[in-house]
Amino acid sequence: MRWVSFTNREGKGIQITGLPTVDVSAHHQVMEDFESKERNYVYQRDDESVKNRHTIDVPTRDLTSVNVDYRQMGLGGDNSWGARTHPEYLLNDKNYSFTFIIKPIK
């Protein structure tokens, strides 16, 4: 996307502008809530494996966690049972750089 803004009820917040574009995700959880040995709110396990969870499995927090990414690789191929991502949607380089601006909204 070219830009995105996040504001509270009073209209205060931030605007993120990609130069030229960025990928952004926002959640009312922190990323560690989704993959963590320490935080497991819904399903209890006795082992020490990492517990992968979906947004419906993790309670919301009184915050907005924003992730700004350069790009995202395609999730999969033409089906949900093992087809590989199409070559044109792969991210094959080892190093990437990108630029974005974060400015306050008053």
Residue pair Arg61 / Asp33, side-chain heavy-atom distance below 4.5 Å: yes
message: Counting only heavy atoms not in Asp93 (residues, nucleotides, ligands), do more than 12 fall under 6.0 Å from its CG?
response: yes
Shared hydrophobic cluster, Trp3 / Ile14 (ILVMFWY, side-chain heavy atoms < 4.5 Å): no
- request: Spell out, yes or no, whether Ile102 and Leu19 are grouped together once hydrophobic residues are joined by side-chain heavy atoms under 4.5 Å, including indirect joins.
  value: no
- prompt: Is any side-chain heavy atom of Thr21 closer than 4.5 Å to a side-chain heavy atom of Met1?
  reply: no
Sub-6.0 Å ring centroid separation between Phe100 and Phe98: yes
- prompt: Would you call Thr17 and Lys103 a side-chain contact if the rule is heavy atoms closer than 4.5 Å?
  reply: no
message: Quick check: closest heavy atoms across Phe6 and Ala26, and the distance to 0.1 Å?
response: CE2-CB, 3.5 Å
Residue list, ring pair (Phe, Tyr, Trp, His ring centres under 6.0 Å) with Tyr89, at least two apart or on another chain: none
query: With the 4.5 Å side-chain cut-off for hydrophobic clustering, are Val24 and Ile101 part of the same group?
result: no
message: Once rounded to the nearest 0.5 Å, what's the spacing between atom OG1 of Thr60 and atom NE2 of His27?
response: 13.0 Å
task: Take Thr64 and His28, measure what side-chain contact (heavy atoms from CB on, under 4.5 Å) needs, and give me the verdict at the end.
output: CA-CA 5 Å; Thr64 302; His28 293 293; 3.3 Å; yes
- line: Note: Ile105 and Gly11 closest approach over all heavy atoms is CG2-O, 3.4 Å
field: Shortest non-hydrogen contact between Met31 and Asn67, atoms and distance
entry: SD-ND2, 3.4 Å
task: Looking only at non-hydrogen atoms, find the nearest pair between Ser65 and Gln29 and report the distance.
output: CB-O, 3.0 Å
